[in-house]
A.B. asks: 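Pasting in a structure now, in structure tokens, and then I'll have a few things to ask.
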Amino acid sequence: MGRMENQELPELPAYAERVLQVAEQIPPSRVMTYGDVAEWLGEGGPRQVGRVMALYGSSVPWWRVVRADGTLLPGHEHRALGHYRAEGTPLREPEGGPARLDMRRARWDGTDG
DNA sequence: GTGCTGACACAGG
DNA sequence: ACCTGTGCCAGCA
């Protein structure tokens with residue numbers, strides 16, 4: 001047949017694959033914003049990265065890709081917070097207020113050092 | 001084709 | 001600190 005049946009995985013858009021690959025590189029206790037990922041990739045924008053994470057993010061450490069203001073994902077706060085505490089991600093937890101990421105300390109610029 | 005939506009970002013008030 | 005409007009861009013009805 002003139003057709004490769006080497007189709008082990010569902011076809012993932014190339015861009016989505018790159019986004020997920022970046023997400024996997026984020027070290028524990030660190031985060032990148034959607035915009036950071038897009039900029040690091042040099043392609044797409046924060047909304048496109050957000051779409052990829054919404055559709056395919058479950059296969060990578062999704063809690064390490066966050067909004068720029070450090071607020072937690074609505075509907076996933078509890079799960080995300082569990083991960084942050086477990087890996088020691090810098091948080092700001094005001095008394096009686098919603099926990100947020102301390103972006104100044106947690107943000108990772110993509111350089112390993 | 002047009003218009004709305006969205007795991008966003010930023011500037012104002 | 002919070003809310004609102006605007007810019008952004010791909011996907012979808």
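Chain naming here is simple, since letters A, B, ... match the order of the sequence lines and numbering starts at 1 in each.
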A.B. asks: Round to the nearest Å and state the distance from Met53(A) atom CE to dC8(B) atom P.
C.D. replies: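 After rounding, the reported distance stands at 11 Å.
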A.B. asks: Enumerate the residue pairs fulfilling salt bridge (charged side-chain N to carboxylate O under 4.0 Å, His left out) with a member in residues 52-67 of chain A, sequence neighbours excluded, ordered by first and then second residue.
C.D. replies: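 Matches after skipping sequence neighbours: Arg64(A)-Glu87(A).
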A.B. asks: Among residues 57-69 of chain A, which contact DNA chain B at a heavy-atom distance under 4.0 Å?
C.D. replies: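 Those residues whose heavy atoms fall under 4.0 Å from DNA chain B, taken from residues 57-69 of chain A in numerical order, are Trp62(A), Arg67(A), Ala68(A).
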A.B. asks: Can you list every pair that meets salt bridge (charged side-chain N to carboxylate O under 4.0 Å, His left out) and has a residue in residues 16-32 of chain A, with sequence neighbours left out?
C.D. replies: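 Found Arg18(A)-Glu43(A).
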A.B. asks: Could you name each residue pair satisfying salt bridge (charged side-chain N to carboxylate O under 4.0 Å, His left out) that touches residues 103-113 of chain A, not counting sequence neighbours?
C.D. replies: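 For residues 103-113 of chain A: Asp36(A)-Arg107(A), Asp102(A)-Arg105(A).
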A.B. asks: Where along residues 74-89 of chain A does a heavy atom come under 4.0 Å from DNA chain C, residue by residue in number order?
C.D. replies: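 Of all residues in residues 74-89 of chain A, none places a heavy atom under 4.0 Å from DNA chain C.
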A.B. asks: Who pairs with Thr71(A) by side chain to side chain donor-acceptor pair (under 3.5 Å), at least two apart in sequence or on another chain?
C.D. replies: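 So Thr71(A) forms a side chain to side chain donor-acceptor pair (under 3.5 Å) with Asp69(A).
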A.B. asks: What are the residues of residues 101-109 of chain A, sorted by number, that bring a heavy atom to within less than 4.0 Å of DNA chain B?
C.D. replies: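 Contacting residues: none.
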A.B. asks: What residues, two or more places apart in sequence or in another chain, satisfy side chain to side chain contact (heavy atoms under 4.5 Å, CB included) together with Glu39(A)?
C.D. replies: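 In terms of side chain to side chain contact (heavy atoms under 4.5 Å, CB included), with neighbours along the sequence ignored, Glu39(A) is linked to no residue.
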A.B. asks: Using the side chain to side chain contact (heavy atoms under 4.5 Å, CB included) rule, take Trp62(A) and Leu20(A) through it: C-alpha gap first, then chi angles, then the decisive distance, then the call.
C.D. replies: CA-CA 9 Å; Trp62(A) 52 265; Leu20(A) 297 180; over 6 Å; no
A.B. asks: What residue pairs, at least two apart or across chains, pass side chain to side chain donor-acceptor pair (under 3.5 Å) with a residue in residues 90-101 of chain A?
C.D. replies: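 As it turns out, the side chain to side chain donor-acceptor pair (under 3.5 Å) pairs with a partner in residues 90-101 of chain A, which skip direct neighbours, are Arg85(A)-Glu93(A).
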A.B. asks: Can you list every salt bridge (charged side-chain N to carboxylate O under 4.0 Å, His left out) pair that touches residues 70-79 of chain A, not counting sequence neighbours?
C.D. replies: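 Salt bridge (charged side-chain N to carboxylate O under 4.0 Å, His left out) check on residues 70-79 of chain A returns no pairs.
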A.B. asks: Could you walk me through whether Leu101(A) and Leu91(A) pass the side chain to side chain contact (heavy atoms under 4.5 Å, CB included) check?
C.D. replies: CA-CA 4 Å; Leu101(A) 288 155; Leu91(A) 292 169; 3.7 Å; yes
A.B. asks: Return the residues of residues 19-51 of chain A meeting this criterion: a heavy atom under 4.0 Å from some atom of DNA chain C. Order them by number, or give none.
C.D. replies: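 Of all residues in residues 19-51 of chain A, the ones placing a heavy atom under 4.0 Å from DNA chain C are Arg47(A), Gln48(A), Arg51(A).
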A.B. asks: Would you please name every residue forming a side chain to side chain contact (heavy atoms under 4.5 Å, CB included) with Ala16(A), sequence neighbours left out?
C.D. replies: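 So Ala16(A) forms a side chain to side chain contact (heavy atoms under 4.5 Å, CB included) with Leu12(A), Pro13(A), Val52(A), Tyr56(A).
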A.B. asks: Identify the heavy atoms of Pro90(A) and Ser29(A) that sit nearest to each other, and give their distance.
C.D. replies: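 For Pro90(A) and Ser29(A), the tightest heavy-atom pair comes out as CD-O, 3.5 Å.
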A.B. asks: Can you tell if the side chain of Val60(A) reaches within under 4.5 Å of the side chain of Gln21(A), non-hydrogen atoms only?
C.D. replies: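 Sidechains of Gln21(A) and Val60(A): no contact.
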